[in-house]
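Below: one structure, written as structure tokens.
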Amino acid sequence: MAFGYPGGAIMPLYDALEGSGIRHILTRHEQGAVFAAEGYARATGKVGVAIATSGPGATNLVTGIADAKMDSVPLVTITGQVRSALLGTDAFQETDVFGLTLSLTKWSRLVSSIQEIPAVIAEGFYWARSGRPGPVVIDITTDALKANMEFAGPVKFQPAPQPVDAYGGDKFPAAVIALLETAKRPVALVGAGVKLAGVTCPLRELLDRLSIPAMATVHGLGAVPAETPYYLGMVGMHGTRAANLALDESDLLLVFGARLDDRVTGEPTRFAPHARIVHFEIDPAQLDRARTCDLPVIGDLAETIPAFLAALGRVSLPDWKGWKAVAEGPERAETDPRGLAQPTVRLLDELYRRLPEDSVVLADVGQHQMWAAQRYRASSPRGFITSGGLGAMGFALPAAIGVQLARPGTTVLCISGDGGFQMNIQELATVQRLGLPIKMVIIDNKYLGMVRQWQQLFYKRNYAETDLSDNPDFVAISQAYRIHGERLGEDRMRELPLGSEAGRLLDSFLASREPELLVFDCHPEANVYPMVPAGAALSEMVFEE
Ligand SMILES: Cc1ncc(C[n+]2csc(CCOP(=O)(O)OP(=O)(O)O)c2C)c(N)n1
Ligand SMILES: [Mg+2]
């Protein structure tokens with residue numbers, strides 16, 4: 001399956017696609033295509049493919065390529081380029097796609113002869129999914145696309161053997177166990193790598209065996225079931241109080257496949273100040289980002305976690321279960337104290353409660369994303385999808401298209417803000433045309449809410465250019481796209497217990513076999529708490545304005 005948008009330079013490829021057996025999904029914007037390809041890849045682990053023409057088609061892919069780099073998404077983009085005789089002449093729709101995306105890709109090629117195409121495609125797909133997955137760009141000139149050659153069958157790419165890393169092999173478990181045996185406050189941090197390596201089951205077994213406090217990054221959500229007694233929830237800027245304090249106080253931090261960016265660590269120099277760090281990671285470039293790692297365990301988590309688990313089976317560890325109390329402390333509201341966010345949080349809880357076990361939830365970028373992450377309780381390894389590293393508004397709706405196509409029978413819930421939804425609103429046409437039963441929710445707070453929250457807290461309530469009070473009527477827009485839409489007032493989510501009418505509305509929204517839009521009126525000044533202000537340590541969370 002490939003997602004794309006045609007144009008002059010890529011026309012020979014589209015010509016050949018007809019009747020090729022490859023399913024092509026026409027989106028309404030190239031950014032929609034690349035985010036849809038990412039959604040497909042994130043839901044399945046397979047390589048997502050996006051196709052675009054040269055110039056503006058290719059530049060419209062760039063945000064998605066950057067997004068795939070940040071969040072380790074296997075992606076191949078194929079772009080048409082002007083014919084080779086015109087390269088470098090500022091020809092019509094010529095942009096240097098290779099140069100433009102060089103710092104964003106794992107691997108890229110400009111191809112100007114048909115003979116190279118089979119080998120480049122094979123190698124590109126190999127690099128997109130190997131090791132830490134990521135984006136590959138293949139830019140092909142029109143003359144190469146137009147030429148003919150005898151196809152000798154698919155090529156297989158064989159990489160050169162990699163040197164065995166000093167930390168791999170069978171020695172590391174003893175070193176980690178030695179650290180565990182002397183630690184008083186060990187914690188485990190679970191990141192995306194666990195899901196990418198497909199090791200959620202061995203990881204859960206490992207954590208059960210250790211019974212130490214565990215927490216997840218936004219991309220680690222769902223790896224550990226929320227009801228697990230030692231699980232403290234999400235860590236980082238909008239993480240739970242328990243997770244952030246546990247991390248801050250810990251003396252040994254086991255990191256499983258997380259790159260520790262500043263949204264997770266708070267001020268990097270003050271991250272886990274008392275802890276030694278053991279980092280299980282496939283990509284050595286991700287080590288030492290926040291603080292120097294004491295013991296790197298480099299390798300595929302699919303190998304290192306089972307190896308560690310096997311070694312652990314033979315030793316008896318001290319009982320740390322009692323330590324969880326340190327992280328618990330007094331109960332505190334984890335959402336805003338004025339209660340302005342409560343109806344939205346309730347809506348998310350009521351939706352999540354009704355979702356079948358294997359559903360996929362997508363969140364766009366902003367306050368609604370953080371509420372959606374904070375309330376997420378399911379334990380489906382690829383069940384929560386969001387643009388975490390790049391934070392690209394407009395991601396969720398097109399990505400949901402890719403998810404729903406990859407998993408046709410699955411309930412796909414797509415949560416967007418009123419700002420982000422308008423960044424790829426044109427993809428409603430793709431949803432409608434394909435009849436995809438995506439359940440779309442807009443949390444309509446009439447603001448670029450996350451920016452407004454920062455303005456309120458750090459810029460003296462100077463709400464510069466974040467007001468969206470002149471939003472269009474989203475229900476009317478959905479109807480224009482021939483999609484059923486409903487608006488739900490926030491007072492309906494204050495009723496205790498939930499009124500039967502609101503309950504029925506949510507039930508039928510999720511049960512429908514058609515695309516559905518639900519627009520929810522969120523209080524314009526609702527905030528996401530706790531919050532670690534930029535530049536503060538994880539222990540310096542704020543809970544109120
Ligand atoms: C493409 C892009 N532009 C700008 C931003 C900066 N930004 C982050 S959150 C946000 C506000 C999002 O507003 P909305 O979609 O309404 O979500 P809310 O925060 O209100 O829930 C903005 C502008 C971004 N992340 N991505
Ligand atoms: Mg908003």
Side-chain angles (χ1 to χ4, degrees), residues 25 27-28 32 35-36 39-40 43 343-364 368 371-372 375-378 380 382-386 395-418 420-422 424-444 472-490 492-493 495 497-522:
I25 307 296
T27 53
R28 293 300 180 274
F35 283 158
Y40 175 89
T344 305
V345 166
R346 170 95 179 275
L347 172 76
L348 295 172
D349 287 348
E350 292 289 349
L351 287 168
Y352 285 173
R353 204 161 60 75
R354 289 170 165 76
L355 286 179
E357 187 62 28
D358 66 340
S359 303
V360 179
V361 175
L362 293 106
D364 207 69
H368 64 281
W371 287 316
R375 306 310 294 182
Y376 187 73
R377 293 285 179 279
S380 165
R382 290 185 181 273
F384 187 79
I385 292 177
T386 193
F395 168 85
L397 175 59
I401 293 173
V403 174
Q404 188 75 81
L405 284 163
R407 300 184 43 185
T410 302
T411 304
V412 176
L413 176 66
C414 173
I415 303 164
S416 305
D418 45 331
F421 196 76
Q422 295 186 72
N424 274 313
I425 198 166
Q426 77 287 345
E427 298 309 331
L428 284 172
T430 315
V431 172
Q432 190 277 332
R433 182 181 179 217
L434 299 171
L436 300 174
I438 300 171
K439 306 293 167 276
M440 298 168 277
V441 178
I442 300 177
I443 304 296
D444 186 7
D473 178 344
F474 290 114
V475 171
I477 287 185
S478 72
Q479 278 158 1
Y481 279 101
R482 298 183 291 281
I483 289 174
H484 178 247
E486 294 265 1
R487 183 169 275 280
L488 184 63
E490 66 163 356
R492 311 300 299 281
M493 285 297 135
E495 295 165 15
L498 187 70
S500 56
E501 202 185 317
R504 269 201 304 276
L505 188 138
L506 298 184
D507 287 339
S508 66
F509 171 69
L510 290 176
S512 159
R513 289 166 185 270
E514 306 280 320
E516 295 284 342
L517 179 71
L518 181 67
V519 185
F520 183 71
D521 290 315
C522 171

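For the numbers below, each heavy atom of this structure counts, side chains included, while hydrogens, waters and symmetry mates do not. Bear in mind that the values here come from a model prediction, so they are computed numbers and not experimental data.
Between S380 and S359, the closest heavy-atom pair is OG-O, 4.2 Å. Considering all non-hydrogen atoms of both residues, M440 and F509 come closest at O-CZ, 3.5 Å. Shortest non-hydrogen contact noted between P515 and I483 is O-CG2, 3.9 Å. Nearest approach of V345 to R375, heavy atoms of both residues: CG1-NE, 3.3 Å. The two residues A399 and L362 come nearest to each other via the heavy atoms CB-CD2, 3.6 Å. Contact record, F421 with L517: CZ-CD1, 4.0 Å, taken as the closest heavy-atom pair.
For E516, the side chain to side chain donor-acceptor pair (under 3.5 Å) test picks out H484, S512, with sequence neighbours left out. For R354, the side chain to side chain donor-acceptor pair (under 3.5 Å) partners at least two apart in sequence or on another chain are E350, D507. By the side chain to side chain donor-acceptor pair (under 3.5 Å) test, E427 is found to be paired with T430, residues two or more places apart in sequence or in another chain being considered.
When side chains are defined from C-beta on, L488 counts as touching L506, because their heavy atoms get closer than 4.5 Å. Using a 4.5 Å cut-off on side-chain heavy atoms (C-beta onward), Y352 and R377 make no contact. Side-chain contact between V412 and L436 is absent, with no heavy-atom pair separated by less than 4.5 Å. Considering only heavy atoms from C-beta on, T344 stays 4.5 Å or farther from H368 through its side chain. Residues C522 and W371 are in side-chain contact: their nearest non-hydrogen atoms beyond the backbone lie under 4.5 Å apart. Between L498 and R346, the closest side-chain pair of non-hydrogen atoms falls below 4.5 Å. The shortest distance between side-chain heavy atoms of V431 and L397 falls below 4.5 Å. Side-chain contact check for R28 versus R433: some heavy-atom pair is nearer than 4.5 Å.
Here the CD1 atom belonging to I385 is positioned 12.0 Å from the CG atom belonging to L413, to the nearest 0.5 angstrom. Here the straight-line distance linking atom CD1 of I442 with atom CD1 of I415 works out to 12.0 Å at 0.5 Å rounding. Here the OG atom belonging to S500 is positioned 11.5 Å from the CG atom belonging to L505, to the nearest 0.5 angstrom.
The closest donor-acceptor contact from the side chain of D364 to the backbone of A396 lies under 3.5 Å. Using modelled atom types, one side-chain atom of R407 and one backbone atom of D358 make a donor-acceptor pair closer than 3.5 Å.
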Candidate pair I401 and T27, rule side chain to side chain contact (heavy atoms under 4.5 Å, CB included), full reasoning | CA-CA 9 Å; I401 293 173; T27 53; 5.5 Å; no

Show the numbers, then the answer: is there a side chain to side chain contact (heavy atoms under 4.5 Å, CB included) between L351 and K439?
-> CA-CA 10 Å; L351 287 168; K439 306 293 167 276; over 6 Å; no

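Counting heavy-atom neighbours within 6.0 Å of R482 CZ, excluding the residue itself, gives a total of 12 or less.
Ring pair Y376/F384 is tilted by interplanar angle, where 30° to 60° counts as tilted.
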